[in-house]
Asks: 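Quick one: the structure is below, questions incoming.
In what follows, chains carry the letters A, B, and so on, assigned in the order in which the sequence lines appear, proteins first and then strands, with residues in each chain numbered from 1. This structure is a prediction, so every number in the text was calculated from the model and none was measured.
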Amino acid sequence: MSAFPKRDFRASMTWLHSWAGIIPTLLFFAVFWMGTLSVFDKEIDRWMQPESRYAGPPIAYDLDASIETFIGAQNGVEVTSLFIMPPKPREPYLYFYGVLAEEVNGKTYSYGRFVGESNEMLGEPQSLAGSGFIFPFHFKLHIPGNFGYYLIGAVALAMLVLTVTGVIAHRKIIADFFTFRPTRKARRVTLDLHNLMGVVGLPFYFLFALSGLYIFAGWFAALPMQTVDGVMGKSPVAFLELADSQSPKRRPRAGQSIAMDKAIMPFKTQAEALWSERYGAPVMADRVRIEHYGDANATVIVHRVFPGRRVTMAQDRIDFDYATGTVLYDQQATPATATRSWLEGLHFVQFEHWPLRWLFFAGGAAGCILTATGALFWMRSREKKAGAQPFNIRFVHAMTVGSVTGIMLATGVFFVANRFIALGALPPGIAPIEWEPITFYIAWLLSFIHAAARGRSAWMDQCFFIAILSLSAAVLNWVTTGDHLIKTMTTGMWSIAGMDLLLLLTSALSAWSAIHLRGKARQRPFAVQGDDPALQPAE
Amino acid sequence: MAALREASRAVDDSSPDRVASVAYYAVQTARLVAILAGSFYIVAGLDILFARFLNWLGVSQAEAVTWAVMLGFLLYVGIVMWAFAAPVKHRPASVIVFLARVMTCVGIMLTPGVIS
Amino acid sequence: MVVTAVFLLCAFSCSALALSQDRHWRIVAAQNGVARKDVARALGWTLLIFSLVFLIWREGPSFGVLLWGMITALAIFATAILLAYRPQLLKPIAAILRRR
């Protein structure tokens, strides 16, 4: 290593930084953008699923009566297992997911939700919303099969590399620590902003890339094994299985039916009492599963996954035998899994700490700016040298516009499309659940075409579209549900109020950007900026 | 073929050519992907060996695998940086792809030691 | 509330650290003497470490460390923006750090 001069090392790290950065730019921004929105996934759910909105004190619920209602609503079809989530502050409803023994209307599962203190069961939500579309988008891009996971895994690995090489490539990072010079040339301002965002969020980006990788570590580590398996003909080894080998294997069905007349609630209470004693503080279970419902081997599994005011995700799980009530299995975290759970918990952002949630949201937004300015700087450096735009610069330009403002625009369309479900004004032949993703992908695709056609004005146009879309989303929410800002803020529906306020803020910011860009375009339309010999490709 | 050779020669120049051909972009991408993916395979192989070593030291299997995977990702960054810092005549990409094959094969052969 | 207070404290420390660099000192208080760089650095780092310790004590180690990292990041950003657009707002801090 020491044989190479220091300058060469930095040059090669600069090379690595710019190529590992520029090739997956589209994916970087998509992951940052959707991940940032996922911080408020449950709030987006409330906004997009108006039937689940509820403002009020914590809910008293009757678990066993609700189970009865849910089973009764299946029209005699046998339910083989049940997954139940009790209400939480950010999810004010009792949630049911049942696996059915036979197919009903093409589905082998059934949903049920009891909002507030209502005993009336709501069915499957009509919108995928935050936790059904935006959240999964940021780790698998909704690509069928496993490919999306692997692609995002590669992106996360590249991000790890970028955070380290960025410090080496941008050599004046310490001297320029608090430096931002908005009056300089556009290229210099872009680089300043890129460096500032990089410095500010460095630990954040590193931790989130790393923890994101740990969440799917089993999948990523299993990939090479499976590929080699194809060559060597040995059975693949899934690391995930190895790491989780402490979990018990699923009990088989006994094949004998029993009456499910014993209440489920006492199991949950017993598990909570056990944990509360173990940890010396009150503990709430947040998941209850019933495996083999109606079978002699029925098992009640009580989980605690997100432990409220704590970062580390809990590993607590107690399995009960339904018939006898004996404890079959009691899981506690081990040191390595505890470290991993801390990283996972910090990535999932499900803890009850609003200031930190907002700060993570800001960190994600900083990541969006980091990615966008990185791509912009790369492009501006080349635009300047190239003079007339050759094909590849045009291509990268269209890709950058589409992946930055394009996905924001598509998200705006996604929100506006959602309000059309409430109006009942969908084109014929499209199910409500498919409608929003279809509009999202069409809008995103169109944004690339628009960017390719419009050249540099595309930025201005798309900012303008975003402003209109987010304003109309907020207004449409008022029109279709009657939950306007004054009402939501006075009744304490902060999830809805926050969403509307952020939409209005986005609208104002993008309108400002559009006007600003328009002024710039008038000043020097498509001018090639003057050559500044002091500017190196990356400083 | 000549264009490809021309493009791969551009790889030797570690400062990115600002108005390069499309072939140059393609070769850069291929090189990047080869090193990113190859390094990952090396890490996966090392993970198994490290897990096996920890397990041999008396760490429980689930713990050993978790620690190995967690350390592996950090190691990954180092391997990629080495691959890019090494002089071009060593052709680190091909070395890495070769190493990756060896490591994963060795890893697979020794894996039963982790499982049992 | 706690977060806002710690943010102000961190922003103050970051401003002090920024003013210990010649470039920023010249923008804020060029005609008014020379900075006591050692004092600025010591003050900045002490207050940053104090805020970390305070957050860990108040919010527990996990939340404390994460909050501190994010609040400091925000403070660095705020300092850079202030230096860029409203450097005169940092004059009171520069007055403390001036060599007399």
Side-chain angles (χ1 to χ4, degrees), chain A residues 39 172-184 188-189 192-193 195-208 211 281 307-313 338-339 341-347 349 351-367 369-370, chain C residues 1-8 10-28 40-41 44-45 48 51-52 55-56 58-87 89-90 93-94:
Chain A
V39 171
K172 282 162 77 184
I173 213 155
I174 298 297
D176 283 349
F177 207 80
F178 298 99
T179 306
F180 176 55
R181 291 157 291 189
T183 50
R184 294 287 198 91
R188 181 73 243 185
V189 176
D192 267 359
L193 199 56
N195 285 355
L196 182 62
M197 286 305 169
V199 164
V200 156
L202 195 70
F204 173 83
Y205 311 134
F206 190 80
L207 266 185
F208 269 73
S211 52
R309 214 180 156 78
R310 208 181 79 188
V311 175
T312 311
M313 269 168 69
T339 313
S341 303
W342 185 81
L343 284 159
E344 287 180 352
L346 109 95
H347 199 112
V349 203
F351 40 71
E352 285 163 25
H353 198 299
W354 283 96
L356 191 58
R357 192 188 303 282
W358 276 101
L359 284 167
F360 277 176
F361 181 76
I369 300 175
L370 177 79
Chain C
M1 208 56 230
V2 175
V3 171
T4 319
V6 174
F7 168 71
L8 290 174
C10 285
F12 178 81
S13 343
C14 287
S15 310
L17 287 175
L19 288 173
S20 76
Q21 290 179 324
D22 285 336
R23 173 191 289 176
H24 303 304
W25 178 262
R26 254 182 276 131
I27 297 171
V28 177
R41 277 196 204 114
W45 281 114
L48 276 182
S51 57
L52 174 63
L55 278 175
I56 289 176
R58 178 72 207 255
E59 304 273 335
S62 288
F63 281 119
V65 169
L66 291 174
L67 272 173
W68 184 79
M70 298 310 288
I71 292 174
T72 313
L74 200 63
I76 296 169
F77 179 69
T79 308
I81 292 296
L82 270 183
L83 282 168
Y85 291 102
R86 295 277 182 279
L89 288 179
L90 294 180
I93 301 173

Asks: Under 4.5 Å, counting heavy-atom pairs only, tell me which of Pro182(A), Pro203(A), Ala362(A) racks up the most with chain C.
Replies: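 Looking at each option in turn, the highest pair count goes to Pro182(A).
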
Asks: Given heavy-atom pairs under 4.5 angstrom as the criterion, report whether the side chain, backbone, both or neither of Leu82(C) touches chain A.
Replies: neither

Asks: Please state whether the side chain, the backbone, both or neither of Phe180(A) comes within less than 4.5 Å of a heavy atom of chain C.
Replies: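 Both the backbone and the side chain of Phe180(A) come within 4.5 Å of chain C.
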
Asks: Name the region of Leu66(C), side chain, backbone, both or neither, that has any atom closer than 4.5 Å to a heavy atom of chain A.
Replies: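 For Leu66(C), backbone and side chain are both near chain A.
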
Asks: Rounded to the nearest 0.5 Å, how far does CZ of Phe178(A) lie from CD1 of Ile81(C)?
Replies: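 Interatomic distance, Ile81(C) CD1 to Phe178(A) CZ, rounded to 0.5 Å: 13.0 Å.
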
Asks: Atom CD1 of Ile76(C) and atom OG of Ser15(C): how far apart are they, to the nearest 0.5 Å?
Replies: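 Taking CD1 in Ile76(C) and OG in Ser15(C), the distance rounds to 11.0 Å.
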
Asks: Pick whichever of Thr179(A), Leu207(A), Leu196(A) has the most heavy-atom pairs under 4.5 Å with chain C.
Replies: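 Of Thr179(A), Leu207(A), Leu196(A), Thr179(A) has the most heavy-atom pairs under 4.5 Å with chain C.
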
Asks: Which word best sums up how the rings of Phe63(C) and Phe351(A) line up, parallel for under 30°, tilted for 30 to 60°, or perpendicular for over 60°?
Replies: perpendicular

Asks: Quick one: OG1 on Thr79(C) to NE2 on His24(C), what's the gap to the nearest 0.5 Å?
Replies: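 Going from OG1 on Thr79(C) over to NE2 on His24(C), the span is 9.5 Å.
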
Asks: Just do the side-chain contact (heavy atoms from CB on, under 4.5 Å) check on His347(A) and Met313(A) with the steps written out, would you?
Replies: CA-CA 10 Å; His347(A) 199 112; Met313(A) 269 168 69; over 6 Å; no

